Amino acid sequence: MLARGLLPDFSAAVHTQLDAIRGAAHDENSEIRDLRGLLWASIDNDDSRDLDQLSVALRTAGGAVRILVAVADVDAIVKASSAIDDHARANTASVYTAAEIFSMLPERLSTDLTSLGEGQRRLAIITDITIGEAGTVQSSEVYRAVVVNRAKLSYDSLAGWLNAEHAAPEQVLAVPGLDESLRTQDAVAQAMNAVRHEHGVLSLDTSEARTIFQHTELADLKLDPRNRAKDLIENFMIAVNGVTTRYLEQKGFPTLRRVLRAPERWARIVELASDVGEPLPSEPNAAALEAFLQKRLAVAPENFSDLSLSVVKLLGRGEYELGLPGGGVASHFGLAVKDYTHSTAPNRRFPDLITQRLLKAALAGRPQPYSNQELSALAQYCTEQEDKATKIERQVRKSEAALLLESRIGERFDAMVTGASPKGTWARILQPFAEGKIVAAARDLDVGQHVRVELVHTDVERGFIDFARVERP
């Protein structure tokens, strides 16, 4: 982190400010609604404590459903230009590694006083969206409220229940009516997802590696697959980010947009499709790519994870960009949306905290808290810092994998090429889920190709895993 210009430790000024904070924020503003009686629940990873969002479903008389999403009001405690804010602004995001989590905010805040913890009274920003039976947004509203999380739920156990694989989690059964709310949320999310796919959102399996420990020993790296509960939250968060963007524009406020430009390596995606007999247009086209992905998922589901990874690598990375009211901005190619920001994780990402401050100013009728020039500079800086954090997380994952593989020099693996550039060629193996560099016989390989490799070297401290390409038997 130090080598890449990120701060692993909090300063003395941060600790002094933290010591002066006596408890969670309270606000007696008459415009803040009391929604503590609703059946709010959080859905996140099993071990997550920095809870940013809650959700609840309310049926209307006309057959539509109101989906309410509460986002933690972090700004109520973390004021702009304070010592804590300066640290968050420097790193711009929490850095998650198996070795340690380097939180953007001090743990006492992110996992307690600004977290929407179970049973805790907390201030929040509410996005209230009415969804019709067809899965489309009919209306929306943004306001402040007080909420209480009635149940802390995990993706895996909730998904298993929704898929009828096992009984409802104990936390669901303990709150009367919560099961109905969650099933309604799931049905609405699926309808919203269908609409998004009609508009060209890409069906991609973006599963990531999960570190498996036995007591304190690193045991394995395995895929953490997508599931129904993760899809539920993803659909709601995308909807909230769209509503947030449009609300700020209507108020004449700038936005910190999240964009993913048309892929520069579209030609390689066309080649991948051609390899399985499917044509794609010569120019980037999200709808055509989505039709291809849906077909491959139906025809060859066992290979879809590899195809998804190849496409994700070729799409490139997202970035932040200043959006001005009425101005043209790039869209998000993968999500097939133009109105998109990051607003739902202010405990973990600084751009979300920026957006929250813009929202609160717009709601209160105050001037925007950041100038357009400052927002433009922050957009570029947050993009750069996010890239650094991603590289740090990737390097630690590679060190984990190198530790698991260091006793297996000489073994051969089936692999898929995940990167090819003048800097080198990289490939991924599945057991364990690890990526390394092909240091021998890598000529003419490109993203998406399957190869046989031999492990020739590891360096745990530097996270190096080296493969040599070998011929298939």
Side-chain angles (χ1 to χ4, degrees), residues 24 32-73 115-195 227-240 243 344:
I32 297 177
R33 306 183 193 185
D34 187 350
L35 300 184
R36 289 176 292 173
L38 297 183
L39 299 180
W40 297 103
S42 60
I43 307 172
D44 214 312
N45 293 313
D46 295 358
D47 55 353
S48 291
R49 296 168 58 211
D50 47 353
L51 304 177
D52 286 295
Q53 322 101 16
L54 309 176
S55 58
V56 67
L58 303 174
R59 291 195 176 275
T60 69
V65 176
R66 287 170 59 198
I67 297 295
L68 280 66
V69 175
V71 174
D73 187 349
S115 174
L116 300 177
E118 190 173 41
Q120 302 300 312
R121 180 188 189 277
R122 294 288 184 262
L123 289 172
I125 309 297
I126 310 299
T127 305
D128 188 336
I129 312 172
T130 300
I131 308 293
E133 294 182 7
T136 56
V137 176
Q138 293 183 343
S139 62
S140 61
E141 189 179 2
V142 180
Y143 49 86
R144 299 180 67 194
V146 180
V147 299
V148 172
N149 183 357
R150 306 288 289 277
K152 181 181 183 295
L153 306 176
S154 69
Y155 289 128
D156 292 344
S157 63
L158 184 62
W161 170 60
L162 292 172
N163 288 326
E165 296 169 357
H166 55 66
E170 292 181 6
Q171 301 95 318
V172 174
L173 297 175
V175 182
L178 182 56
D179 56 346
E180 181 181 352
S181 173
L182 290 166
R183 289 198 184 278
T184 300
Q185 291 182 56
D186 176 56
V188 170
Q190 290 188 58
M192 295 172 70
N193 193 56
V195 172
N227 61 41
R228 199 160 165 175
K230 291 180 181 179
D231 289 341
L232 183 158
I233 292 299
E234 179 182 281
N235 280 286
F236 289 174
M237 296 310 107
I238 290 172
V240 168
V243 168
T344 60

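Quick caveat, the model's predicted, so the values are computed rather than measured.
A donor-acceptor distance shorter than 3.5 angstrom exists from the side chain of Lys152 to the backbone of Ser48, with no hydrogens or angles considered. Counting only distance, with no hydrogens or angles, the side chain of Asn235 and the backbone of Asp231 share a donor-acceptor pair below 3.5 Å.
In this structure Arg49 satisfies the salt bridge (charged side-chain N to carboxylate O under 4.0 Å, His left out) test together with Glu107, sequence neighbours excluded.
Nearest heavy atoms, Arg228 versus Asn163: NH1-OD1, 3.1 Å. Considering all non-hydrogen atoms of both residues, Ala239 and Ile129 come closest at CB-CD1, 3.9 Å. Here the shortest heavy-atom pairing between Ala191 and Gly135 reads CB-CA, 3.8 Å. The two residues Trp161 and Leu182 make their nearest non-hydrogen contact at CZ3-CB, 3.9 Å. When all heavy atoms of Val195 and Ala134 are compared, the pair lying nearest together is CG2-O, 3.2 Å. Between Ile126 and Trp40, the closest heavy-atom pair is CD1-CH2, 4.0 Å.
Residues Phe236 and Thr127 form no side-chain contact, since every pair of their non-hydrogen atoms from C-beta on lies 4.5 Å or further apart. Here the side chains of Val69 and Thr344 are not in contact, with every heavy-atom distance at 4.5 Å or above.
Within 6.0 Å of CD on Glu133 lie no more than 12 heavy atoms contributed by other residues, nucleotides or ligands.
The salt bridge (charged side-chain N to carboxylate O under 4.0 Å, His left out) analysis of residues 167-185, with sequence neighbours excluded, yields no pairs.
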Which side-chain N or O atoms in residues 58-67 pair as donor and acceptor under 3.5 Å with protein atoms at least two apart or in another chain?
unit_1	atom_1	unit_2	atom_2	d
Arg59	NH2	Thr184	OG1	3.4
Thr60	OG1	Ala64	N	3.2
Thr60	OG1	Ala64	O	2.9
Arg66	NE	Asp128	OD1	3.2
Arg66	NE	Asp128	OD2	3.4
Arg66	NH2	Asp128	OD2	2.6

